[in-house]
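Here the structure comes first, spelled out in structure tokens, and everything after it is commentary.
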Amino acid sequence: MRLSQFFMPVLKETPSGAEIVSHQLMLRAGLVRQSAAGIYSWLPLGLRVLQKIEAIIREEQNKAGAIELLMPTIQPAEIWRESGRYDDYGKEMLRITDRHDRELLYGPTNEELITQIFRDSVKSYKDCPRTLYHIQWKFRDEIRPRFGVMRGREFLMKDAYSFDLSKEEARKSYQKMFISYLRTFERLGLKAIPMQADTGPIGGDLSHEFIILADTGESEVFCHKALLEKSALDTTIDFDDDLSPMMEQWTSHYAATEEMHDATRFEKEVASADQISARGIEVGHIFYFGEKYTKAMKCEVQGPDGKLVTLHGGSYGIGVSRLLGAIIEASHDEDGIIWPNSVAPFDVGIINLKPGDEATDSMCQQFYKALQDHGLDCLLDDTKERPGGKFKTMDLIGLPTQIIVGPKGLKNGIVEIKSRKTGMRQELETKELDIVTAITALTNKGL
RNA sequence: CGGGGUAUAGCUCAGCCUGGUAGAGCACUGGUUUUGGGAACCAGGGGUCGCGAGUUCGAAUCUUGCUGCCCCGACCA
């Protein structure tokens, strides 16, 4: 993409009203614009990141055996009456009436809808278990939206729902999602720590919040240092295997949000050198809820013995739009955003320091084409902006790698390549035939 | 939903107290000089001062009602 033909309105100054750094940077870098309190338009640069995050989530969900579908944003009130939640949900639910006076609502979540779909279509134990997911916009009419997309009213969420024949089977479905989440967040460049969450009236150990550490996090969290050093990617996982041992590795260390925190246990179980207490942002939440909806909504199948079995359900959410804010909170500096390679809106930014200069233009064009041919997405700054402004803008939008091409360097046969993350610059000789390969390698390593 | 703020150009804000022809910086347009980390100068364009009612010869400014947005709290993916 050539910047001169793109739509990327950046702001030099911090807009008033944006309190936390991720919100400020999202506005300044031209990722989003606010339409109303807690409701945002996604500008091209922001949309690209959103789509990259979605793609990673989708891959990992599919790998774990979940199946994608798409449910609507608008739902009939009827099924919510059936589950008993229509009245319970309160004012957070946006209720709508259509021209025929039929009661509708903008879905805040989809347990009812998926349960209806599943029970109407599945009648035999042979079609279980299944985990279905979709990535769809939700609306919760929060009393007080804030922190930009971190607590918006409209938000994009990946929500998955599992249907199993028994609690023990449901535990397996839960474990698949648990591991899938670890992998997903890690691929997004985040250290997400699973923390035991309150399961409410159902009880048990099958509810976890996935928390990333950030100074501006909404709640206080406590955990063992070892959890920050673990990886779920460096093993080859077969989701059909018994995942219990891996679950065990991840859940044996102390990790709790402030609601679940037990100071005495923390002191006793974790050596003080290993104790981490920090602030955290919740980016995912998974839980098993048993027969809560399936019973109320008669979601049953016939077992091998011909008897009806009420299915066991679980649901698994990732706040997709919130993740942009969370990633920025966890990865930025005073100059702007620092995107992890996996979600950056472009892989490489090429700065043409002097558009109109023949040698510079031609070198930029060569890089642009060659890198694109190597599967790297490029943003070429070919605008007439002054060099200083270009550097600032490129740092602000946080592309992982910058290639700086100007007449001065070219005179000596060099271009400069800079890592956004480390700030490290390195000069490369343009006569090297494999310069693109070199850049590709550097980019993959995150320079 | 309680408490507190705020609303003036695309953005950041001044002007309001003490009523008298709408301002600055940045951004934008044209020009000259610049040109490797947010340049300088010249000339321009851009506003129903959130909306309504009132007071007044006259309201961005005073009074009043409403609305939006923001912050703190309670609530939450």
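Note that these values count all heavy atoms, side chains included, but never hydrogens, waters or copies made by symmetry. Chain naming here is simple, since letters A, B, ... match the order of the sequence lines and numbering starts at 1 in each. All figures in this text were calculated on a predicted structure; none of them were measured in a lab.
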With rounding to the closest Å, how many angstrom separate the C1' atoms on B:C26 and B:U67? 30 Å
For B:C1, the Watson-Crick or wobble counterpart (both distances under 3.5 Å): B:G73
Once you round it to whole Å, what is the distance between P of B:A9 and CG of A:L11? 15 Å
Report the distance from atom CE of A:M8 to atom C1' of B:G10, rounded to the nearest whole Å. 17 Å
Candidate pair A:E218 and A:R322, rule salt bridge (charged side-chain N to carboxylate O under 4.0 Å, His left out), full reasoning: CA-CA 13 Å; A:E218 59 220 313; A:R322 157 181 277 205; 3.5 Å; yes
In B/S/- notation (B base, S sugar-phosphate only, - none; protein heavy atoms under 4.0 Å), nucleotides 70-77 of chain B written 5' to 3' is SBBBBBBB
Rounded distance in Å between the P positions of B:C62 and B:C17: 5 Å
With under 30° as parallel and over 60° as perpendicular, where do the rings of A:Y89 and A:W80 fit, or are they tilted in between? perpendicular
Quick one, give me the B/S/- string for nucleotides 25-34 of chain B, reading 5' to 3', where B means a protein heavy atom under 4.0 Å from the base and S means that only happens at the primed atoms, P, OP1 or OP2. BSS------B
To the nearest Å, give me how far apart CZ (A:F391) and C1' (B:A39) are. 15 Å
When you compare B:U61 with B:G19, how far apart are their P atoms, in angstrom units rounded to a whole number? 12 Å
With sugar-phosphate meaning primed atoms plus P, OP1 and OP2, does A:D159 contact a base, only sugar-phosphate, or nothing at under 4.0 Å between heavy atoms? nothing
Regarding A:E186 and A:K191, does a basic nitrogen lie under 4.0 Å from an acidic carboxylate oxygen? no
Phosphate-side-chain proximity, A:K91 and B:C1, N/O vs OP1/OP2 below 4.0 Å: yes
Assign A:I404 to base, sugar-phosphate, or nothing according to its heavy-atom contacts below 4.0 angstrom with the strands shown. base
With a 6.0 Å cut-off on the ring centroids, do A:F210 and A:Y316 count as close? no
Charged N to carboxylate O below 4.0 Å: is that the case for A:K172 and A:E169? yes
Separation between the P atoms of B:A59 and B:G20, rounded to whole Å: 11 Å
For A:K354 and B:A39, give me the distance from atom NZ to atom P, rounded to whole Å. 17 Å
Is the closest side-chain donor-acceptor distance between A:K158 and A:Y181 under 3.5 Å? yes
Suppose you measure atom C1' in B:U6 against the same atom in B:G15; what distance do you get, rounded to whole Å? 16 Å
Would you mind reading off the distance between A:N352 atom CG and B:U35 atom C1', rounded to a whole angstrom? 13 Å
Re B:A43: Watson-Crick or G-U wobble partner, both distances kept under 3.5 Å, found to be B:U29
With rounding to whole Å, what would you report as the distance between B:A14 and B:C75 at their P atoms? 35 Å
Is the shortest distance from a Lys or Arg side-chain nitrogen in A:R183 or A:E60 to a carboxylate oxygen in the other one below 4.0 Å? yes
When rounded to the nearest Å, what value does the distance between C1' atoms of B:U56 and B:G68 take? 29 Å
Under 3.5 Å, is there a donor-acceptor pair between the A:E385 and A:T383 side chains? no
Output yes when A:D382 and A:K354 qualify as a salt bridge under the 4.0 Å nitrogen-oxygen rule, no when they do not. no
Given that both distances must come in under 3.5 Å, which nucleotide forms a Watson-Crick or G-U wobble pair with B:C17? none
Could you tell me the Watson-Crick or G-U partner of B:G54, where both distances fall under 3.5 Å? Say none if there is no partner. B:C62
Tell me: NZ of A:K392 to C1' of B:C11, nearest whole Å? 18 Å
B:G50 versus B:C13 - spacing of their P atoms, nearest Å: 15 Å
Within the structure shown, what part of the strands sits under 4.0 Å from A:R28 by heavy-atom distance: base, sugar-phosphate, or nothing? base
Sugar-phosphate, base or nothing in reach of A:T14, heavy atoms under 4.0 Å: sugar-phosphate
Hunt down the Watson-Crick or G-U wobble partner of B:G38, both distances under 3.5 Å, from any strand shown, or write none. none
Provide, to the nearest angstrom, the distance between the NZ atom belonging to A:K408 and the C1' atom belonging to B:U35. 8 Å
Donor on one side chain, acceptor on other, A:Q34 and A:Y40, under 3.5 Å: yes
Within 45° of the ring axis of A:Y288 and under 6.0 Å from its six-membered ring centre, is that where the NZ or CZ of A:R171 lies? no
